[in-house]
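This report refers to the structure that appears directly beneath it.
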Amino acid sequence: MPIRALPELLINQIAAGEVVERPASVVKELVENSLDAGANRINVTLEQGGKRLIQVVDDGAGIPRDELFLALSRHATSKIASLDELESVRTLGFRGEALPSIASVSRLTLISRTEGQEHAWQLDSRAGDEASPQPAAGNTGTRVELRDLFYNVPARRKFLRTDQTEFQHVDELLRRIALARFDVGFEWQHNGKVVRRLPPATDSRGAAARVTAICGEEFWEHAMEIEAGSGELGLRGWVAEPRFNRARADRQFFFVNGRIVRDKVIAHAVRQAFGDVLMHGRHPAFVLFLTLPEQAVDVNVHPQKHEVRFRDARRIHDFLYSTLHRCLAEAGVGGGALRPGSGLPTGQSPGPAFAIPQQGAVRLSVAEQIGHYAQALAPASAGDWQTEAESEVPPLGFALAQLHGVYILAQNAQGLVLVDMHAAHERITYERLKAGLDGQGIRSQNLLVPVTIHVSEREAGLAEARGGQLEALGFSCDRSGPETLLIRKVPTLLQDGDVPGLVKDVLAEIASDGSSQLIESRLDEVLSSMACHGSVRANRQLNVAEMNALLRDMERTERAAQCNHGRPTWVQLDLPSLDRLFLRGR
């Protein structure tokens with residue numbers, strides 16, 4: 001076939017294939033246009049999940065009469081005008097493809113009025129290129145109405161799901177947008193029924209109400225507020241305590257400069273921060289806003305603008321990981337990290353729960369660890385604790401009894417606390433093992449007989465170029481041929497593992513991400529196993545002083561609300577909950 005220019009309609013429909021996937025794609029483009037126009041309120045109306053009707057009404061700046069036709073032309077936009085502006089995009093949209101692409105696969109009507117106009121003007125996409133805007137009724141702002149999505153592309157229409165499924169996609173999208181812009185009021189309805197009405201949130205109380213409405217009351221009850229910065233990077237929002245987790249990643253909302261994004265760098269940093277506080281297969285919940293200079297992020301990498309590319313992805317990853325990791329560590333027991341010794345009788349030194357084992361040394365037995373508990377509180381009896389500290393009850397309170405050799409029952413200011421003593425001691429042991437490892441770094445063990453492994457030429461070159469990085473991870477590798485490596489040292493705690501497989505996995509991770517957390521992850525697994533086997537077992541009888549010492553240790557330990565397998569270590573039953581159990585006050 002000869003080379004020839006494509007018809008304008010076909011060009012727009014090809015673009016629509018990239019931009020318009022389903023009704024939710026249309027709503028996204030139209031609502032983002034409204035936000036870019038400075039709207040304070042946005043109403044969305046749908047029929048049949050958006051297949052029959054999508055209408056978006058805003059009170060933004062509006063479009064002048066003379067620019068209505070341009071608004072339906074490809075690559076015509078008011079949002080950028082130069083390459084410099086493209087490299088620092090501040091608006092949600094900027095391509096100028098959305099309206100013409102949508103108009104090519106639907107019956108679209110555009111009605112708009114600017115503040116200086118006497119009335120609104122209307123332009124119908126079916127009127128043709130020669131059409132001129134017609135007078136219409138309307139307030140300041142813009143109303144975009146489209147009917148019969150994909151009416152002229154029946155093959156695409158067949159790929160749409162049921163009305164309810166398509167509406168659920170729109171509802172999820174609008175909830176995310178509503179979280180991105182607290183200052184804008186939203187309302188959307190489906191088949192004549194109002195689904196959500198969210199007034200503008202102008203203060204912290206309004207923001208809390210919106211987050212609660214979208215994420216649920218349970219999320220807000222467990223939410224920890226974050227606000228951190230590092231140079232030009234800023235992170236704020238809310239992260240749910242690890243005990244509030246989900247089977248699916250449906251409570252994860254992340255925004256970069258107000259833009260909804262999905263990014264593997266962000267996902268990896270969050271997953272790593274929650275690594276040892278969530279059970280396998282569970283997902284954290286959060287609403288987070290990352291801000292950085294527009295020049296530091298490229299938003300022009302995906303037609304639907306779902307993805308972004310960071311110019312310094314490693315810095316972004318490390319900032320997110322360290323901030324979230326610190327937030328989870330500082331949360332502690334009772335919602336805040338406690339100063340060492342809080343809750344102890346006056347003049348009483350907390351003492352170590354047990355000595356921190358040196359790497360490679362024999363761990364203290366459980367009996368020896370319990371002995372340390374008894375010594376730490378030998379002068380104090382249960383009565384001393386309750387008498388001397390009654391004016392300031394610690395978060396986990398004071399021990400009352402032990403139940404079936406498994407649970408500790410304690411009383412605090414709120415009511416009753418139940419503690420799984422094995423899970424609690426496991427977290428304490430694990431954190432101290434990690435602290436000892438961090439203080440010494442990753443120690444290496446020389447192999448009696450060096451191991452030769454066969455790798456690809458690329459992996460061999462990577463090992464040679466990143467020798468210093470591998471040394472920091474506890475390995476010593478020499479390139480002994482084009483596709484062979486000679487391993488002389490490995491991390492001490494991993495020497496009994498699959499050394500060739502471990503080295504190959506580390507090199508693969510360095511090749512894909514620029515660095516590797518695999519060794520740290522494997523070491524954490526080993527330390528987790530050590531902590532599990534070295535912790536107080538069920539049916540171990542503890543006296544009141546020993547139980548109180550365990551509670552105080554929990555209050556001083558990071559991430560003490562979960563064991564290193566992600567199970568909760570304690571639960572609170574407050575007095576109102578206990579009253580309800582016994583029907584008191586009714």
Side-chain angles (χ1 to χ4, degrees), residues 19-36 39-58 92-93 98 102 106 143-150 156-157 159-201 206-220 223 237-238 240 244 246-255 258-262 283 285-289 304-306:
V19 177
V20 184
E21 179 184 358
R22 59 193 337 148
S25 308
V26 176
V27 175
K28 177 180 183 294
E29 298 292 343
L30 298 182
V31 172
E32 287 182 348
N33 279 345
S34 297
L35 293 173
D36 287 339
N40 294 311
R41 291 187 178 274
I42 299 175
N43 291 2
V44 179
T45 302
L46 304 170
E47 291 182 9
Q48 295 181 6
K51 301 176 189 176
R52 181 178 180 183
L53 171 69
I54 298 175
Q55 179 179 277
V56 177
V57 181
D58 67 62
L92 296 174
I102 294 168
S106 66
R143 180 167 81 246
V144 182
E145 181 180 294
L146 65 95
R147 296 182 178 274
D148 303 326
L149 184 63
F150 296 134
R156 293 289 303 277
R157 192 175 180 87
F159 280 94
L160 296 179
R161 304 299 182 184
T162 64
D163 294 354
Q164 187 60 32
T165 299
E166 294 299 340
F167 171 72
Q168 288 174 353
H169 284 282
V170 175
D171 183 63
E172 174 68 16
L173 167 76
L174 290 174
R175 290 193 302 125
R176 290 179 180 271
I177 294 177
L179 283 176
R181 292 295 299 271
F182 288 97
D183 59 321
V184 178
F186 293 89
E187 178 182 308
W188 57 95
Q189 52 183 297
H190 184 221
N191 292 336
K193 179 182 178 181
V194 175
V195 179
R196 293 184 190 271
R197 182 179 289 118
L198 303 172
R210 179 167 294 193
V211 173
T212 302
I214 294 175
C215 300
E217 291 185 5
E218 192 177 2
F219 171 86
W220 185 253
W238 299 269
F244 177 81
R246 308 281 295 179
R248 298 184 297 118
D250 59 346
R251 290 294 185 275
Q252 297 184 357
F253 304 94
F254 201 96
F255 307 89
R259 188 185 302 275
I260 309 167
V261 300
R262 297 192 300 260
H283 299 272
F286 52 83
V287 179
L288 293 172
F289 303 86
Q304 297 181 10
K305 301 181 286 294
H306 289 313

* CA sep, side-chain torsions, deciding dist, call: Phe159, Phe150, side-chain contact (heavy atoms from CB on, under 4.5 Å) -> CA-CA 10 Å; Phe159 280 94; Phe150 296 134; over 6 Å; no
* Asked: Taking the side chain from Arg251 and the backbone from Phe286, do they hold a donor-acceptor pair closer than 3.5 Å?
  -> no
* **Asn43 versus Trp188, side-chain donor and acceptor atoms under 3.5 Å** => no
* Asked: CD1/Ile42 to CG/Leu35 distance, rounded to the nearest 0.5 angstrom?
  -> 4.0 Å
* Asked: Would a distance-only check, ignoring hydrogens and angles, find a side-chain to backbone donor-acceptor pair under 3.5 Å from Asp58 to Arg41?
  -> no
* To do: Name all residues meeting the salt bridge (Lys or Arg N to Asp or Glu O under 4.0 Å) criterion together with Arg156; count only those two or more places apart in sequence or in a different chain, and write none if there are none.
  => none
* Atom of Ala180, atom of Gly258 and distance for their closest heavy-atom approach -> CB-O, 3.8 Å
* To do: Give the C-alpha distance, both sets of side-chain angles, the deciding distance and a yes or no for salt bridge (charged side-chain N to carboxylate O under 4.0 Å, His left out) between Glu166 and Arg22.
  => CA-CA 7 Å; Glu166 294 299 340; Arg22 59 193 337 148; 2.9 Å; yes
* Asked: Is it true that Arg196 and Asp171 have a side-chain N and a carboxylate O under 4.0 angstrom from each other?
  -> yes
* Can you label the angle between the Phe167 ring and the His190 ring as parallel, tilted or perpendicular, going by 30° and 60°? => parallel
* **Atom CD of Gln164: over 12 foreign heavy atoms under 6.0 Å** => yes
* **Arg157 side-chain N/O to Leu149 backbone N/O, donor-acceptor pair under 3.5 Å** => yes
* Just by modelled atom types, is the Arg161 backbone N or O under 3.5 Å from a matching donor or acceptor in the Lys51 side chain? -> yes
* Can you name the residues that form a side-chain hydrogen bond (donor to acceptor under 3.5 Å, both in side chains) with Arg246, not counting sequence neighbours? -> Asp250
* Starting from the C-alpha separation in whole Å, work towards a yes-or-no answer on side-chain contact (heavy atoms from CB on, under 4.5 Å) for Leu288 and Phe255. => CA-CA 6 Å; Leu288 293 172; Phe255 307 89; over 6 Å; no
* Asked: Do other residues, nucleotides or ligands put more than 12 heavy atoms under 6.0 Å from the CZ atom of Arg175?
  -> yes
* To do: Can you sort out the partners of Asp36 under side-chain contact (heavy atoms from CB on, under 4.5 Å), two or more places apart, ordered by chain and number?
  => Lys79, Thr91, Leu92
